[in-house]
Amino acid sequence: MEPSSLATVSADPGTGPTPVDLLRRLRARGAGDPVTHVERVPARAGVPAPWPTWAPAELRTAFARRGVVAPWQHQAEAANLAYDGGHVVVATGTASGKSLAYQLPALATLLADPRATVLYLAPTKALAADQLRAVAALELEGVRPACYDGDTPRAEREWIRRHSRFVLTNPDMLHHGILPGHAQWSGFLRRLAYVVIDECHTYRGVFGSHVAHVLRRLRRQCARFGATPVFVLASATSGDPATAAGRLTGLPVTAVTEDASPRGGVTFALWEPPLLPPDSGAASSFPPPQPTGGHDETADLVQVRRSALRETADLLADTVAEGVRTLAFVRSRKGAEVVAANARRALDDAVPGLGDRVAAYRGGYLREERRELERALLHGDLLGLASTNALELGVDLIGLDAVLICGYPGTRASLWQQAGRAGRSGQEALAVLVARDDPLDTYLVHHPEAIFGAPVEATVLDPANPYVLAPQLACAAVEAPLTPADLALFGDGAKEAVDELVAAGALRQRPTGWYWRHRERPEVDLRGEGGAPVCVVEASTGRLLGTVDGGSSHFLLHAGAVYLHQGVSYVVDELDLADGCALVHVEEPDWSTHARDVTDLSVVSVRSYVDAGPVGMFLGEVDVTSQVVSYQRRRIATGEVIDTRPLDLPTRELRTVAVWFTLSPQSLAAAGVQAADVPGALHAAEHAAIGLLPLMATCDRWDIGGLSTAVHPDTEAPTVFVYDGHPGGAGFAERAYGTASAWLRATRDAIAECGCETGCPSCVQSPKCGNGNNPLSKPDAIRVLDVVLANLPA
Ligand SMILES: [Zn+2]
Ligand SMILES: [Zn+2]
């Protein structure tokens, strides 16, 4: 690519091109127009409200000093509800000032009652640190706000417990530290007036279900000390936030959703990278799928479109060259590093040194590195940043001129939150969604109504998941014996879970309740089955580069994996699962690595089913066994597969919830699917169905797994399974079952509308396929889905 107007590079945000001009220049770069749709999101004027009469002058003056002259309507409405003692969730857009909605009642109460306390929970330490700065900057007498998390020095902890009246922490610390130490916290909990739960939409799936019970444990301890705090929650825009917040807290919650803050207009473009010309190296090696036969490396993923990462890197380089302050959201940490590295290279090729104004950012970075990057972007030393969604979580970066979203982030709620980073108040900004070659992305850039005309998704969590409920009840029992009244607090399934804990010897029933029998506390990780994070350590120096969550470590940190950190490439020497660390050395090979796993599945029980003649649709429990068995090395430049190398990693077992459908062999034959093509037809339908499920539920394809077979021993029929990738399920398969006909209709359309001939990653190929995307039959997948849709009731 050739960045233009390099001479005009400027960090001065006032001089950049308008979004419309910028977009026109970007789309004129290559042959053909990659833009499939442009949506104009209009600017909105703010609606201010008077300060609540109960807000003391001292507090109003403090806010005024920070530039807040009056609250917006939604802030005042939520604050009034909370001050009157109602539980409230404020669910409005990015940068709409949700924090004022809880700071106002919480701080007014702290000023009015010198004994009252406030507990603030954020999903990340970085966000809590941000909020601490905001509250501390108000300089209110006697509030003494303090963060209490894993980074808090031991020496300060006792002071905080005794003297801070505004404690900022995270659910993990509440679970591991504060609740087990409730005796030391009794003074604080006894006087607890407000519990603030920030970014509460992040508590979804299994993690959300755990947090729901941690909050019930908190309420139980408060009740023992005679306190009944008011819960104030802040959420990104989401569908039905009152219900989600109610499930999370177990309390009736009122929602405030009318955003009254001002917003600049956004020009929102949908961008589909071009198909590579058929004579290019990559496309010419693209083989037709093999209808039968075993594992064939050549049938693996070969790009037929330009990759979204490369397209985003070029767009980032182009916007930076235009002097436009740009944030690129990339879904994976690896992807963010690749985008930053490619953009830097492109800029340096044009003007040596210009690449320094682009950097990568992701959650696993150490605190100092994160802070430095945030500072540099705010001050304009950096113009371009490629980030994972770590930045989505409230780190205070606003006022960007352009946001590039590399790949649909999985939910409309996330999409809007990321796009919401663009635009200072009153100023126009550009947002671009760059489609990956993935069935969902392809569907969306050709169905803009599914983005711009649809409500955002509801946050799904399931506190009744027995794999969450039982360990949480065990934790609660350690904190204080469980009573029959507690069972109502913990909700559906609590009695059964307690009975099982008694049968397993973990609890003992006595007249006064159920008691924990062991000396040690149960080990419960809120962040799901992932286990403890794995540390990435440079072998020669012992330097800690960052961390990777346990669940991803088999995929990302196996021996031989290429691991990128801050644009520097490392190769893993050894993954030590026992010690939870991976040793790496600096090396920059010209290939990337891609781990593969194999999966086995058996049906445990059927929860619900639809008998639709030749078609059956089922929801039930399944056992899944999977193992990362090998990895491929692929040339970065062409995507060409160099080789596949075996790995020796332990298997992982999963009891979870699946949705599956069966078809009779006769119905397939009648639809024209040859017996030999049934495996490829089902496999292709399975891939696309997994790819489209995020349209229905707040999950992404990495939360879900699948398996298809021409005859499964448990169903004795051709079957496609789609399962939750979390123990006990996270509600995704259930949602798929509930929306089956809409889900499979979108799947069928996505395959049929894809411009490729024999199947590509935009329709039926999957980047995480354990079978090398073989066999796959695109036309037969459409026939399979037509049979299902013709028989299934709408
Ligand atoms: Zn295709
Ligand atoms: Zn597959």
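Model, not experiment: these values are computed from the prediction. Indexing begins at 1, ligand by ligand and atom by atom, following the structure's order.
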Atoms listed for the Zn ion (ligand 2) (protein only, N, O or S, under 2.8 Å, no waters) are His683 NE2, His687 NE2, Cys769 SG
Go through it in stages, so that I can follow the logic: the residues are Thr319 and Leu430, the test is side-chain contact (heavy atoms from CB on, under 4.5 Å), and I'd like the CA-CA distance, side-chain angles, deciding distance and then a yes or no. CA-CA 10 Å; Thr319 55; Leu430 177 68; 5.6 Å; no
**Q.** Ring geometry between Tyr609 and Phe618 (parallel below 30°, tilted from 30 to 60°, perpendicular above 60°)
**A.** parallel
* Step through it carefully: locate the ring centre of His558, locate the ring centre of His554, and say whether they are under 6.0 Å apart. => no
The angle formed at the Zn ion (ligand 1) by SG of Cys754 and SG of Cys763 is about (to 10 degrees) 120°
Query - Parallel, tilted or perpendicular: ring planes of His683 versus His687, cut at 30 and 60 degrees - result: perpendicular
**Asked** Counting only heavy atoms not in Glu753, do more than 12 sit closer than 6.0 Å to its CD atom?
**Response** yes
Looking only at heavy atoms, the pair that brings Glu686 and Val720 closest together is CB-CG1, 3.7 Å
